[in-house]
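Before any comments, here is the structure.
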Amino acid sequence: MSAAQDTAERHILVSREGAVQIVRFNRPDKKNAITRAMYAALAGALADGEADDAVRCHVILGQPGAFTSGNDLADFLAFATTGEMGTEVLDLLRLLPKLEKPVVSGVDGLAIGIGTTLHLHCDLTFATPRSVFKTPFVDLALVAEAGSSMLVPAITGHQRAFALLAMCEDFSGDQAADAGLIWKVVPEDDLERAVMDTAKVLAAKPPKALALTKRLMKGDTTALEARIAEEADLFAVQLKSDEARQAFMAFMARKK
Ligand code: COA
C-alpha cells in the first residue's frame, strides 16, 4: 500500500452496520479538508458499495463540528503552481450521479464547497442547527462544481442559488432545509441516530423497486454529466489564474 493510500484509509473510514455502508470523513485536525487521496478513497468505497449486493444503502458522515471544510486548499495551490491535478476529484464527481443505491448524509457544523454540493447527489441529508453550508468558489476565483450550477437553481430558484453560489453566503441548516437543499434539521445529539435509522429503513425496502424509483426521479442524467464536465473545465482554467493563486496563498499565509 502506498503512503497516500495508507493516509487516505485513516482519513476516510469505511464501515458496515448490517446492509448500510458508512463512509466517514476523519481528518478532524484539518476540519476534514479533502485531499486527492481522500477523494479516491471516497469514490472507491461508494463504487464498492454499489457493486456489493450485501450493501443496500450508503451513509456519508463527518465529525462533530465539521462535515468537511471542502477541497484541501494546499492541493488547489499545488495544482495552481504545477498544473498537476490528477483525476481523483472528477472521478468522484462523475460517479455521484450514477449511484443507484440510496445515499443518506449527516452534517454537523462546517459543510464547505463540496461539503455542500455533495448533498445535491444524496437522497436524504440531515443537518444540525449549527451547520453552515457555504460554497466559496467565486471568492476563491473558482466556479461552481459537482453540477451545482444546474442543480441548485433547479431546486431553489435563481435568487437563492445566486446567494449561495455567487454571493457565497452562509446557509444555516434551517435555510438549507427551507431551500430544499437538504431534508431536515435535527438536534446535534440525534444526528447520527436519525441518519442510521433512516438508512436502515431504506436498506430494508425492496432494493430493485427503490433503485428504479430513484432512477425515475433523477431522470436522464446526460445533461447533468455534461454540466459537471463543463464546470470542471472552467474550474481547471480558473485554478491556474493569478486571482485564484492569490486566494489560496492568502489562506495558507493567514496564520503566519
Ligand atoms: N484546506 C486545507 N486546510 C484546511 C482547510 C482546507 N479547505 N480548511 C481548514 N484547514 C486547516 C487549517 O489550515 C488549519 O490547519 P492548521 O491548524 O495546520 O493551521 C486547520 O484546518 C483548522 O482550520 P482553522 O482555519 O484554524 O479553523 P477555523 O475554525 O478558524 O476555520 C474554516 C474553519 C473552515 C472556516 C477555515 O479553515 C476555512 O475557511 N477553510 C477554507 C475553506 C475553503 O475555502 N474550502 C475550499 C472550498 S472550495
Side-chain angles (χ1 to χ4, degrees), residues 4 7-8 10-12 24-42 60 62-82 84-86 88-93 96 105 107-121 127-149 151-152 161 163-173 175-176 181 188 228 231-241 243-256:
T7 307
R10 279 190 288 113
H11 291 161
I12 296 285
R24 184 188 293 278
F25 294 112
N26 184 42
R27 198 187 177 206
D29 55 320
K30 298 290 182 187
K31 308 273 176 184
N32 286 343
I34 311 173
T35 60
R36 288 170 53 181
M38 289 166 71
Y39 280 103
L42 173 58
I60 306 177
Q63 299 294 333
F67 179 73
T68 171
S69 59
N71 202 106
D72 190 299
L73 289 174
D75 278 3
F76 275 171
L77 182 60
F79 175 69
T81 317
T82 66
E84 259 299 305
M85 176 128 139
E88 295 89 348
V89 180
L90 198 49
D91 289 346
L92 174 71
L93 299 185
L96 292 174
S105 53
V107 172
D108 180 40
L110 298 167
I112 303 187
I114 193 162
T116 289
T117 59
L118 180 64
H119 308 291
L120 301 169
H121 302 277
T128 60
R130 66 178 176 181
S131 296
V132 178
F133 294 85
K134 183 182 179 70
T135 58
F137 302 118
V138 169
D139 287 347
L140 291 169
L142 301 172
V143 298
E145 44 77 289
S148 57
S149 64
L151 295 171
V152 178
L164 185 75
L165 296 176
M167 269 296 286
C168 311
E169 290 272 303
D170 290 4
F171 277 39
S172 67
Q175 282 176 301
L181 293 166
E188 274 119 57
I228 289 171
E231 290 170 346
D233 287 344
L234 295 171
F235 202 101
V237 171
Q238 281 301 114
L239 265 176
K240 284 185 278 186
S241 66
E243 54 186 10
R245 199 175 304 122
Q246 280 166 21
F248 307 147
M249 286 168 69
F251 177 76
M252 296 302 161
R254 78 200 188 295
K255 282 186 180 160
K256 287 180 186 151

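Just so it is clear, the model here is predicted, and its values are computed rather than measured. Each ligand, and each atom within it, is numbered from 1 in the order the structure gives.
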Ligand-side contact atoms (ligand 1) for residue partner Leu140, heavy atom cut-off under 4.0 Å: 44 (O), 46 (C), 48 (S)
For residues 129-136, please give each side-chain donor-acceptor pair under 3.5 Å, one per line with the distance, not counting sequence neighbours.
{"residue": "Arg130", "atom": "NE", "partner": "Asp108", "partner atom": "OD1", "Å": "2.9"}
{"residue": "Arg130", "atom": "NE", "partner": "Asp108", "partner atom": "OD2", "Å": "3.3"}
{"residue": "Arg130", "atom": "NH2", "partner": "Asp108", "partner atom": "OD2", "Å": "2.5"}
{"residue": "Ser131", "atom": "OG", "partner": "Val107", "partner atom": "O", "Å": "3.1"}
{"residue": "Ser131", "atom": "OG", "partner": "Gly109", "partner atom": "N", "Å": "3.3"}
{"residue": "Ser131", "atom": "OG", "partner": "Thr128", "partner atom": "N", "Å": "3.1"}
{"residue": "Ser131", "atom": "OG", "partner": "Thr128", "partner atom": "O", "Å": "3.1"}
{"residue": "Ser131", "atom": "OG", "partner": "Thr128", "partner atom": "OG1", "Å": "2.9"}
{"residue": "Lys134", "atom": "NZ", "partner": "Cys168", "partner atom": "O", "Å": "2.9"}
{"residue": "Lys134", "atom": "NZ", "partner": "Asp170", "partner atom": "OD1", "Å": "3.2"}
{"residue": "Thr135", "atom": "OG1", "partner": "Leu164", "partner atom": "O", "Å": "2.8"}

Should one rank Asn71, Asp72, Ile114, Thr35 by closest heavy-atom distance to atom 7 (N) of ligand 1, which comes out on top? Asn71
Closest candidate by heavy atom, reference atom 29 (O) of ligand 1, pool Met252, Lys31, Glu145: Lys31
Quick one: look at Leu110 and ligand 1, take heavy-atom pairs under 4.0 Å, and tell me if it's side chain, backbone, both or neither. side chain
Working to the nearest 0.5 angstrom, can you tell me the gap between Thr35 OG1 and Arg27 CZ? 5.5 Å
Separation between CG (Leu140) and OG (Ser241), nearest 0.5 Å, reads 10.5 Å
Which bit of Ala33 is near ligand 1, meaning a heavy atom under 4.0 Å away: side chain, backbone, both or neither? side chain
Salt bridge (charged side-chain N to carboxylate O under 4.0 Å, His left out) contacts touching residues 139-149 (sequence neighbours left out): none
Do we get Arg36 above Tyr39's six-membered ring, with its NZ or CZ under 6.0 Å from the centre and within 45° of the axis? no
Asp29: numbered ligand 1 atoms lying under 4.0 Å from its heavy atoms: 20 (C), 21 (O), 22 (C)
Numbering the atoms of ligand 1 from 1, which are under 4.0 Å from a heavy atom of Arg254? 12 (C), 13 (O), 24 (P), 25 (O), 26 (O), 37 (O)
Location of contacts on Leu73 toward ligand 1, heavy atoms closer than 4.0 Å: both
Interatomic spacing from CD in Glu231 to CG in Leu142 - rounded to 0.5 Å: 12.0 Å
Taken to the nearest 0.5 Å, the spacing of Ser105 OG from Leu118 CG works out to 6.5 Å
Compare all side-chain heavy atoms of Leu77 with those of Arg245 and state whether any distance is below 4.5 angstrom. yes
Check each atom of ligand 1 against the heavy atoms of Ser69 and keep those under 4.0 Å away; list them by number with element. 5 (C), 6 (C), 7 (N), 8 (N), 9 (C), 34 (C), 42 (C), 43 (C), 45 (N), 46 (C)
Of the side chain and backbone of Lys134, name the one, both, or neither that has a heavy atom under 4.0 Å from an atom of ligand 1. neither
Numbered atoms of ligand 1 (with element) below 4.0 Å of Phe137, judged on heavy atoms: 48 (S)
